[in-house]
Structure formats: C-alpha cells, structure tokens
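Take a look at the structure below.
If you read the sequence from its start, that first residue is 1, and numbering goes on from there. Here the structure is a predicted model, which means the values were calculated and not measured.
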Amino acid sequence: APRQFDSGSAAIDREIKRLIQILKTRQLKENDFVLIDYRSRKLRHFVGPKIRDMARKILFDKDFPEVFSQKAFSEFAAMRISRAGNHCIALLDLDDLKKINTFFGAHQYGTRVLQIYSQTLAYVVGRYGGIAAKYGGDEFSIYLPMKSDRAKIIIEKELKPLLKQRLMTDKILSKRAVKRTEYLKKVLLKKKKPTQKEKELIALMRNFLLHKTTDGKLLPLFCAGLINASGNEYKKVMQKASELVHEAKHSSAKNITLAI
C-alpha cells in the first residue's frame with residue numbers, strides 16, 4: 001500500500017513544499033531539475049496526482065515520459081556546460097524508422113521502438129548522472145558529465161547492446177515479427193507476379209528480419225554525434241552535434257562520430 005504523507009517529517013515536508021513552489025512558478029533551476037528528476041519519482045506516494053501531472057507537463061516529453069522534453073533538456077544542459085568540468089552532449093538518430101514501420105505494417109510498432117529507446121536511454125544515462133530527452137521525430141539528445149571519449153565507450157559498450165537485447169526480446173515486437181514473417185512466406189513469396197511495391201516489401205522484410213542486412217551484418221541501432229561541450233554555448237554545441245549525426249548517417253561505417 002502507498003505510504004501516507006507524514007507531516008511531522010521535516011525533510012519530506014521541505015521537499016514537497018519546494019516541489020510545489022517550483023511547479024507553481026515554473027522556474028527551472030538546476031538543483032530543482034535534479035530534485036524533480038530523481039526525488040519526485042521516489043516521492044510519488046507523497047505527491048498528489050495534480051502535482052505529478054504538472055511536473056510531467058513541464059519537464060517530461062508528453063509522448064515518452066521516461067525522457068525529458070526538449071525545452072527542459074536545453075535549459076538544464078545549457079546551465080551545466082557553461083561551468084567548469086567535463087561535459088558532453090550527443091544527438092542520437094534512429095536508423096530506418098520508416099522501414100521499421102513498413103516491416104511491422106503499422107506505425108504503432110515504430111512507436112513501441114521509440115518507447116524502448118526512451119526507457120533504455122533514461123536508464124543507462126541516468127546511471128552516470130546524465131539525462132536524456134526527446135529531440136525530434138526520431139532523434140534523442142543526451143547529456144553526460146564526462147568527456148566525450150568516455151561517453152562513446154558507454155554508448156557502444158552499454159547502451160547499444162542493451163538496446164539490441166530489449167528490441168529483440170520485446171514481446172510486442174516479437175509477436176508481430178512472427179506474424180509478418182508468416183505473411184511473407186505464405187502470401188508474398190507465393191505470388192507468381194508480385195507488384196513492384198510487393199517486391200520492394202519482400203526485399204525489405206527479408207533484409208530486415210532480425211535486424212540483418214543482405215550481407216548478414218547487424219544494422220546499427222542508431223547514428224550519433226558526440227561532442228565535448230565544456231565551456232561552449234548550447235546552440236553551437238547542438239548545431240555541431242547535428243552536423244556530426246549527418247556525417248555519421250552518410251558514412252560507410254554509419255556509427256558514432258566524435259568531436260573532441
């Protein structure tokens with residue numbers, strides 16, 4: 001059962017009052033941001049639903065509440081990178097989201113993929129004191145309090161393998177993939193004269209099964225532009241990160257581009 005609010009607990013009382021004041025004034029400060037990110041979730045049994053709804057609207061993405069909104073991320077990241085210390089920012093661009101929707105046959109499965117990305121990003125980045133946010137249609141931004149070379153290792157060695165595991169073992173996606181595979185074998189491949197559109201779908205489904213390309217290599221889960229951001233202006237950092245993503249998408253390696 002949910003714990004009841006203990007008005008006699010001075011520490012909890014101060015946190016609640018502070019949280020309510022933050023949400024009423026909608027003034028975002030770094031310490032308040034961290035409070036809401038890490039503490040309000042732990043205090044969810046103490047904070048009423050109205051306060052939680054206000055926090056969600058202000059700070060978190062409306063469609064993917066596991067990550068922050070772009071506005072909240074920009075304010076927080078801008079404050080952090082202006083300080084001394086190690087800071088880095090990355091933009092992550094999902095690969096082939098349109099093809100994912102085509103393969104699964106409905107946009108809801110592309111949304112499911114984005115949900116898995118959101119949950120996994122928030123988990124991995126949060127372990128290192130960073131935050132993740134929804135940046136665009138199929139883009140995410142992350143902030144990590146470290147140099148970009150270390151962040152690259154975390155992205156490659158922790159984030160990518162965990163994403164792959166979650167995508168491949170997700171029950172919703174797996175169940176749909178089985179049905180689409182059956183449709184490919186029982187319907188499309190048995191057609192003597194498939195239309196051009198059906199031929200393209202057959203090729204896509206064959207190549208996309210289990211996230212494999214025609215040469216058997218695993219498709220990259222995303223392209224990323226990663227940049228050291230310490231002492232730089234937020235807008236310039238994000239512009240450079242966007243350029244790095246574009247470079248990564250059009251490179252043969254199609255992986256992570258890094259700016260030191």
Test log, rule side-chain contact (heavy atoms from CB on, under 4.5 Å), inputs L121 and L92: CA-CA 10 Å; L121 275 172; L92 279 62; 3.8 Å; yes
Are the side chains of [Y] and [X] in contact, using a 4.5 Å heavy-atom criterion?
X	Y	value
F222	L159	yes
E247	C223	no
F140	L91	no
K164	K160	no
L226	C88	yes
K240	K236	no
F73	Y234	yes
I81	I89	yes

Test side-chain contact (heavy atoms from CB on, under 4.5 Å) applied to R150 and L144, step by step: CA-CA 10 Å; R150 184 187 171 202; L144 283 165; over 6 Å; no
Under 3.5 Å: donor-acceptor pair, side chain of [X], backbone of [Y]:
X	Y	result
H87	R80	yes
K134	G137	yes
T169	Q165	yes
T120	Y117	no

Measuring from atom [atom1] of [X] to atom [atom2] of [Y], what distance do you get when rounded to the nearest 0.5 angstrom?
X	Y	atom1	atom2	answer
S74	Q70	OG	CD	6.5 Å
I227	Q239	CD1	CD	10.0 Å
L163	I116	CG	CD1	8.5 Å
D63	L114	CG	CG	9.5 Å
K152	K157	NZ	NZ	10.5 Å
S230	R83	OG	CZ	12.5 Å

Y123 six-ring centre to R166 NZ/CZ under 6.0 Å and within 45° of normal: yes
Step-by-step side-chain contact (heavy atoms from CB on, under 4.5 Å) determination, E139 to L94: CA-CA 6 Å; E139 288 184 324; L94 273 67; over 6 Å; no
ILVMFWY network linking F64 to I172, side-chain heavy atoms under 4.5 angstrom: yes
Transitive ILVMFWY side-chain link V67 to Y128, under 4.5 Å: yes
Output field: ring centroids F60/F68 closer than 6.0 Å: yes
Q108, CD atom: more than 12 neighbouring heavy atoms under 6.0 Å: yes
Distance-only donor-acceptor check, side chains S69 and D61, under 3.5 Å: no
Grab the two heavy atoms, one from [X] and one from [Y], that are nearest each other, plus how far apart they are.
X	Y	value
E156	P161	O-CD, 3.3 Å
S118	E66	CB-OE1, 3.7 Å
A122	A132	N-CB, 4.4 Å

Residue pairs, two or more places apart or on separate chains, that pass salt bridge (charged side-chain N to carboxylate O under 4.0 Å, His left out) and touch residues 102-112: R112-D170
Residues R127 and E158 bridged, charged N to O under 4.0 Å: yes
